[in-house]
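One structure below.
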2 protein chains.
Amino acid sequence: MESFVYTILAILARDSGSSFEIAKKMDLCWQTKHNQIYPILVELEERDLIFCTTIPQSGKPDKKVFSITEQGKEALAKWVPNVFQEPIIRDGFLAKIYAQWLLDPDTMVQLLEERMQFFQHKIGEHESEIAQLEADAGASLKDPSSPHFGRYILLMRKLQMEQDESDWCAWALAFYQKEPIIQYE
Amino acid sequence: MESFVYTILAILARDSGSSFEIAKKMDLCWQTKHNQIYPILVELEERDLIFCTTIPQSGKPDKKVFSITEQGKEALAKWVPNVFQEPIIRDGFLAKIYAQWLLDPDTMVQLLEERMQFFQHKIGEHESEIAQLEADAGASLKDPSSPHFGRYILLMRKLQMEQDESDWCAWALAFYQKEPIIQYE
DNA sequence: CTTGGCATGTAACGAGTTACATGATTTG
DNA sequence: CAAATCATGTAACTCGTTACATGCCAAG
């Protein structure tokens with residue numbers, strides 16, 4: 001929960017945005033559904049760590065744009081050097097791999113191909129986001145004092161991880177094709 | 001939850017074990033605390049997907065060894081080709097990276113080094129587990145019809161992922177050392 | 001002699017998801 | 001003209017963690 005709250009602050013520190021926009025950016029660090037962030041935003045506003053500007057819109061409900069306050073930035077900076085955070089990973093697909101010996105090879109091949117496609121799709125998305133960032137931010141991307149640097153290096157990490165996942169699928173698939181051709185390690 | 005339950009079944013399909021032993025093996029697929037598995041084991045036993053042999057022990061509470069039933073194997077095999085499972089990742093460290101521009105470089109360097117060490121430690125653990133597996137199972141490790149194959153390829157994947165995480169930390173650290181020497185991509 | 005691992009569980013609480021409610025605008 | 005995306009939120013429910021309870025054995 002703590003990490004979840006500070007992820008919102010970290011996102012708002014880089015750029016103001018609506019609850020909906022925040023929700024989309026969360027995925028890179030902390031997966032969640034948009035519902036969860038509404039009550040937190042209220043709480044953060046009460047604690048003066050963020051503030052909200054309401055933009056009236058015709059037809060739609062008002063758009064609420066949240067921004068971080070100086071206090072918010074301080075709270076965030078104070079949290080960062082705190083206790084070590086263990087990453088949480090839960091992946092049902094891996095249980096399926098664990099149980100693969102009970103299944104026919106065709107099912108497993110299909111499963112692995114589906115997974116590979118999933119990551120290939122993600123890779124495409126992240127590649128275009130990086131290209132966008134490069135176009136927008138230019139050289140500041142590689143400057144640790146720029147607010148874009150963090151997102152940039154996280155995107156690069158995600159991309160590499162997804163490439164690895166995809167490579168691993170290819171490697172695993174080779175075992176079912178009788179000819180293990182791909183080197184992995 | 002569903003994936004969680006089937007992960008238990010997948011582990012028991014490979015090898016019988018106590019609740020405690022299951023809990024330790026869960027980490028590779030689905031991180032959880034041991035408390036959560038006790039009520040599930042009761043439920044699975046009621047549904048005849050697993051059965052339990054109680055071994056009396058002096059001093060300690062009885063050791064309960066759980067094994068999968070034929071019905072359990074069938075249920076597991078039926079689940080595998082089911083709906084695609086999206087992996088869940090939540091990592092507070094990444095939020096810290098997101099917010100890095102608000103912090104002094106020293107803090108970030110320390111954070112990255114700590115993270116790197118964490119993964120290096122995990123790599124060591126998994127390497128010795130793989131060596132153990134290779135010694136125990138030999139050639140059957142690379143045979144998709146062996147019950148060890150699944151765990152083997154999952155361990156290889158974990159190892160690669162952790163190596164990547166560690167490499168990424170080194171890459172990110174280079175930005176703070178003025179000389180980005182490491183190639184990543 | 002204390003920390004950590006082995007070993008099993010329950011109860012209370014906090015975190016996270018699903019379903020529901022509502023409605024405009026854009027894309028296929 | 002249906003589905004997806006933008007957009008905001010509440011309520012009910014399920015999932016997951018922490019705290020508690022108990023006790024042995026081995027290593028440092």
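Residue numbering restarts at 1 for every chain, and letters A, B, ... go by the order of the sequence lines. Only this structure's heavy atoms are used, side chains among them; waters, hydrogens and symmetry mates stay out.
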message: Can you tell me how the ring of B:Phe93 sits relative to the ring of B:Trp168, calling it parallel under 30°, perpendicular over 60° and tilted otherwise?
response: perpendicular

- prompt: Under 30°, 30 to 60°, or over 60°: which ring-plane class applies to B:Phe175 and A:Phe149, parallel, tilted or perpendicular?
  reply: perpendicular

Closest-nucleotide ordering on DNA chain C, the 5'-leading residue of B:Val65 and A:Gln36: B:Val65

- prompt: How do B:Ser18 and A:Lys33 order along DNA chain C: which one's closest nucleotide is nearer the 5' end?
  reply: B:Ser18

OP1 or OP2 of C:dG16 under 4.0 Å from side-chain N/O of A:Thr32: no

message: For C:dG9 and B:Lys64 - does any side-chain N or O of the residue sit under 4.0 Å from the phosphate oxygens OP1/OP2?
response: yes

Could you tell me how far apart [X] ([atom1]) and [N] ([atom2]) are, to the nearest whole angstrom?
| X | N | atom1 | atom2 | value |
| --- | --- | --- | --- | --- |
| B:Trp30 | C:dG16 | CH2 | P | 13 Å |
| A:His34 | C:dC20 | NE2 | P | 14 Å |
| A:Leu41 | D:dG9 | CG | C1' | 11 Å |
| B:Tyr38 | D:dC20 | OH | P | 18 Å |
| A:Gln85 | C:dA15 | CD | C1' | 15 Å |
| A:Ile22 | D:dT8 | CD1 | P | 9 Å |
| B:Ile37 | D:dT18 | CD1 | P | 17 Å |
| A:Ile88 | C:dT17 | CD1 | P | 11 Å |

message: Test your reading of the model: is there a side-chain donor-acceptor pair from A:Thr107 to the backbone of B:Pro81, 3.5 Å cut-off?
response: no

- prompt: Taking N and O atoms by type only, does the side chain of A:Asn35 place a donor or acceptor under 3.5 Å from a partner on the base of C:dA19?
  reply: yes

Heavy atoms from C-beta onward define the side chain here; which of [options] lies closest to that of [X]?
| X | options | result |
| --- | --- | --- |
| A:Met1 | C:dA15, C:dC6, C:dT18 | C:dA15 |
| A:Lys24 | D:dT17, D:dC6, D:dG9 | D:dC6 |
| B:Arg90 | C:dT8, C:dT17, D:dT10 | C:dT17 |

message: Could you check whether B:Glu125 and B:His121, counting side-chain N and O atoms only, form a donor-acceptor pair closer than 3.5 Å?
response: yes

message: Salt bridge check, A:Glu165 against A:Lys122: does any charged N sit closer than 4.0 Å to a carboxylate O?
response: no

